[in-house]
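The structure appears below as structure tokens.
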Amino acid sequence: MTTRLSHLFLRTLRDNPVDAEVASHRLLVRAGYIRRAAPGIYSWLPLGLTVLRRLEQIVREEMNAIGAQEVHFPALLPKEPYEISGRWKTYGDGIFVLGDRKSEEVEPRVRRPNYLLAPTHEEMFTLLVKDLYSSYKDLPVNLYQIQTKYRDEARPRAGLLRGREFVMKDSYSFCVTDEDQHAAYEAHRAAYVRIFDRLGLPAVPVAADNGTMGGSASEEFLFPCDIGEDTFVESPGGYRANVEAVTSVPPEPEAYDDAPAAVVHHTPGTDTIQTLVDAANAHHPRQDRPWTAADTLKNVVVVVVTPDGERHVAIIAVPGDRDVDFKRAEATIGSTLGIEGEISVEAAESEDFARHPGLVAGYIGPGMSLDAAHLGKDSATGIPYLADPRIVSGSRWITGANQSDYHVFGLVAGRDFTWDAPIESVVVQDGDPAPDGSGPLSTRRGIELGHIFMLGRYFSEVLGLKVLDENGKQSTVAMGSYGFGVTRALAALVEANHDDRGIIWPAAVAPADIHLVATGKGSEVFEAAEELAQQLEAAGLSVIYDDRPKASPGVKFGDAELVGVPTIVVVGRGLADGNVEVKDRRSGQAENVTLTGAVAHLVERAATLR
RNA sequence: CGGGAUGUAGUUCAGUUUGGUAGAGCGCUCGCUUUGGGAGCGAGAGGUCGCAGGUUCAAAUCCUGUCAUCCCGACCA
């Protein structure tokens with residue numbers, strides 16, 4: 001059916017919406033694809049829904065192609081499965097919760113949440129398989145759904161790129177053996193590569209943090225883009241990883257047999273790395289080269305905050321030219337320190353220092369000798385002491401002497417001090433070496449469009465998903481989880497495909513194959529355009545036909561470019577010579593084609609675009 | 001949760017400093033003209049100025065409170 005602009009529920013906007021910062025948000029609203037309903041929540045108009053459905057269909061086809069089967073869960077779920085998995089608590093404020101009428105336990109009109117709007121569905125998939133399958137013969141199985149998900153984002157932004165309601169494809173693989181699980185993972189990985197290929201989106205897989213649910217392998221598909229919220233690194237040799245997942249390359253340990261004993265120097269007014277380096281060079285210079293920040297050991301006081309609000313102080317030692325990335329620290333510090341739950345890492349505040357009088361701000365150090373350790377679980381202070389992998393045995397440092405205005409010079413790691421555990425926590429910098437030896441890293445921003453990972457057996461364990469194996473024994477099922485942000489990908493497509501006039505859809509998801517514009521006086525152009533539209537539809541092309549009788553040519557051209565269908569056909573002044581104009585939206589190039597040959601030409605063109 | 005900003009017509013904004021009873025562009029309706037790059041003329045519709053108090057003869061404008069939204073950061077399997 002030809003879409004007629006005279007009837008289409010569409011109103012394009014000439015002004016940019018005041019709340020839209022990024023291109024995709026601006027253009028999708030201006031071109032009449034979506035409307036904001038609430039912060040981070042959008043309504044879909046006819047054009048937007050068409051594109052969304054086409055995008056979903058591509059994902060569906062590629063999921064079906066790897067043998068995954070589509071199911072559909074409710075978005076509204078009871079809280080019990082999430083309580084069992086622990087995520088009712090660990091997700092915290094991140095989920096929308098609500099109470100039904102039976103939840104009025106305390107007094108009327110006060111409801112206690114006993115339902116949630118699902119942020120993701122691991123629990124439900126796991127329980128469904130548990131419900132129906134009980135034999136190894138039933139596995140492996142891959143299930144997926146394309147669902148609306150809800151997350152109560154603290155700060156929704158950038159239109160569809162970070163919403164509180166969004167469409168996501170999530171699939172899950174259930175296998176008896178790790179080998180099968182690995183195969184399911186690889187199949188999903190290949191399917192994602194094909195999806196991005198069909199969309200023409202240059203999203204790349206990067207090594208990712210496994211997160212709090214454990215698991216062994218994890219990759220994110222990031223679309224490189226300056227407005228992206230994720231930072232990843234890449235090397236010339238092809239190593240790619242999210243900054244949260246990068247591992248450092250430590251230097252070789254040094255021999256220290258001939259290292260002189262550490263010395264304490266009076267270093268007044270040196271409570272920052274810079275003042276310390278300046279003072280060291282001024283009053284205690286070394287022979288061969290000046291001291292730099294990299295010669296100092298910075299002991300950063302952090303606080304690990306538990307979901308209950310408990311504050312555990314810890315100290316992370318890093319070279320003085322480096323900063324601690326709290327987010328990276330968060331990934332592992334909980335398990336390192338044996339603190340359970342979804343923790344966060346923050347900078348220590350004065351109240352934290354107040355509880356640990358042994359910490360002299362600006363002059364903190366591990367102590368002068370192993371016998372008199374100042375930091376560490378077994379030390380005088382009892383404060384856990386973690387160190388960056390760059391601090392290797394034999395490395396020598398200038399660091400605090402735990403007394404105001406005094407520093408130790410020549411403190412040797414492994415000889416004079418030690419630490420409870422290593423930790424990856426420094427901010428990754430351009431030029432750091434890739435862990436696989438493939439060259440120096442450079443950082444880029446990206447939009448996370450997909451995340452695939454092997455979940456291991458966490459959910460199947462806590463929810464009791466076991467099958468009988470071939471020996472008749474209970475075997476806990478291994479799971480994989482694979483997310484794909486459908487609405488986010490739609491926005492990313494606009495980020496990747498637009499110019500200052502509007503959207504330029506790839507043919508694979510465009511709301512139509514042809515945007516047909518009739519312009520001119522008299523009924524001839526409209527009659528000719530009408531007939532052309534019918535012939536194009538009969539030839540299998542979808543058409544948006546601008547049949548508005550009163551709109552001026554400028555308005556029609558402007559709208560066509562804003563809406564972004566890849567091929568614009570103009571029936572107008574050329575008609576007197578038997579011609580129509582075919583314009584490529586992306587290049588802007590136009591050519592005249594005879595009216596009689598137009599259908600054949602456009603069918604051929606559409607075939608090359610697809 | 002910190003920092004910044006803004007709430008006036010469908011929309012984008014002016015008006016607030018200096019209080020005097022509501023404005024413009026775009027969009028929308030009607031008529032005539034116009035039709036290859038966001039047309040012209042004429043006539044219209046449309047607003048509890050976020051909300052609640054207060055000051056005042058009089059509040060969009062001043063004061064207090066409150067709510068909401070946006071941006072930056074924190075947060076974000």
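Each chain gets a letter, A, B and so on, in the order its sequence line appears, and its residues count up from 1.
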From CG of L562(A) across to C1' of C26(B) the rounded distance in Å is 15 Å

In whole angstroms, the gap separating P of G37(B) from NE2 of H515(A) amounts to 16 Å

Would you indicate, yes or no, if G27(B) has its OP1 or OP2 atom less than 4.0 angstrom from a side-chain nitrogen or oxygen of R14(A)? yes

Open item on the list: Side-chain N or O of R11(A) versus OP1/OP2 of G27(B): is the shortest distance under 4.0 Å?
Closed with: no

**Request:** Using only heavy-atom distances, decide whether a donor-acceptor pair under 3.5 angstrom links the side-chain of D15(A) to the base of G27(B).
**Result:** no

Winner on side-chain proximity to E581(A), out of A77(B), G38(B), G36(B), is G36(B)

Answer with base, sugar-phosphate or nothing: what part of the nucleic acid does P17(A) contact at a heavy-atom distance below 4.0 Å? sugar-phosphate

P-based separation of G47(B) from C63(B) [nearest Å]:
29 Å

Which value, in whole Å, describes the distance between the P atoms of nucleotides G23(B) and U16(B)?
15 Å

Is NZ or CZ of K583(A) both nearer than 6.0 Å to the six-membered ring centre of F557(A) and within 45° of the ring axis?
yes

Point to revise | From CA spacing to verdict: salt bridge (charged side-chain N to carboxylate O under 4.0 Å, His left out), R457(A), E461(A) | key: CA-CA 6 Å; R457(A) 292 179 168 79; E461(A) 190 72 55; over 6 Å; no

Pairing partner of G7(B), by Watson-Crick or G-U wobble and under 3.5 Å for both distances, is C67(B)

Here the distance between atom P of C13(B) and atom CG of L13(A), to the nearest Å, is 12 Å

* Checking only heavy atoms, does the side chain of E561(A) share a donor-acceptor pair with the base of G37(B) at less than 3.5 Å? -> yes

| query | With a non-hydrogen cut-off below 4.0 angstrom, is D559(A) in contact with a base, only sugar-phosphate, or nothing? | reply | base

Quick note, F453(A) side chain, CB onward, closest among G37(B), U11(B), A77(B) is A77(B)

### Query
Heavy atoms under 4.0 Å, any strand shown: does V18(A) hit a base, just sugar-phosphate, or nothing?
sugar-phosphate

When rounded to whole Å, the NE2 to P distance for the pair H25(A) and C71(B) reads 8 Å

Check your understanding: Distance between the P atoms of C51(B) and G10(B), in whole angstroms?
Key -> 13 Å

Heavy-atom nearest nucleotide on RNA chain B taken for P39(A) and for Y482(A); more 5' hit belongs to P39(A)

note: D170(A), atom CG; A77(B), atom C1'; distance rounded to Å ~ 12 Å

Q) Rounding to the closest angstrom, what is the interatomic distance between G53(B) and A58(B) at atom P? A) 16 Å

| If we take the C1' atom in both G25(B) and A14(B), what is their distance in whole Å? | 11 Å

Mind checking whether F484(A) and F196(A) have parallel, tilted or perpendicular rings, split at 30° and 60°? tilted

Closest heavy-atom pair, P46(A) versus F9(A), reported as atoms and distance to 0.1 Å, is CD-O, 3.6 Å

For U55(B), the nucleotide meeting Watson-Crick or G-U wobble distances (both under 3.5 Å) is none

request  = I would like to know whether E234(A) and R444(A) meet salt bridge (charged side-chain N to carboxylate O under 4.0 Å, His left out); could you show each step before the answer?
outcome  = CA-CA 8 Å; E234(A) 59 185 354; R444(A) 292 176 80 183; 3.0 Å; yes

Hey, does E21(A) reach any base, or is it just sugar-phosphate, or nothing, if we go heavy atoms under 4.0 Å? sugar-phosphate

Between CD1 of I41(A) and P of U69(B) the distance, given in whole Å, is 10 Å

> Expressed in whole Å, how much space separates the P atoms belonging to G2(B) and G54(B)?
Replying inline: 30 Å

Q. Is it the case that E219(A) and Y185(A) place a side-chain donor and acceptor less than 3.5 Å from each other?
A. yes

Sticking with atom C1', work out how far G46(B) lies from U29(B), rounded to a whole angstrom. 11 Å

If you look at every strand shown and take non-hydrogen atoms under 4.0 Å, does V570(A) touch a base, only sugar-phosphate, or nothing? base

Looking only at atom C1', what distance separates G7(B) and A60(B), rounded to whole Å? 11 Å

Paired to G73(B) by Watson-Crick or G-U wobble criteria (both distances under 3.5 Å) is C1(B)

Review point. Under 4.0 Å: is that the gap between some side-chain N or O of R36(A) and OP1 or OP2 of C70(B)?
Key: yes

Give the intermediate values and the outcome of side chain to side chain donor-acceptor pair (under 3.5 Å) for residues T567(A) and R605(A).
-> CA-CA 9 Å; T567(A) 304; R605(A) 178 181 154 81; 2.7 Å; yes

| query | Does C70(B) have OP1 or OP2 sitting under 4.0 Å from an N or O in the side chain of R157(A)? | reply | no

Closest to the 5' end of RNA chain B, once R548(A) and A154(A) are matched to their nearest nucleotides, is R548(A)

Of all heavy-atom pairs linking R189(A) and F221(A), the shortest is O-CZ, 3.9 Å

Mate of A39(B) across any strand shown (Watson-Crick or G-U wobble, both atom pairs under 3.5 Å) is U33(B)

Scanning all shown strands, the Watson-Crick or wobble mate of C28(B) with both distances under 3.5 Å is G44(B)

Out of G38(B), G37(B), C70(B), minimum distance to the side chain of D19(A) belongs to C70(B)

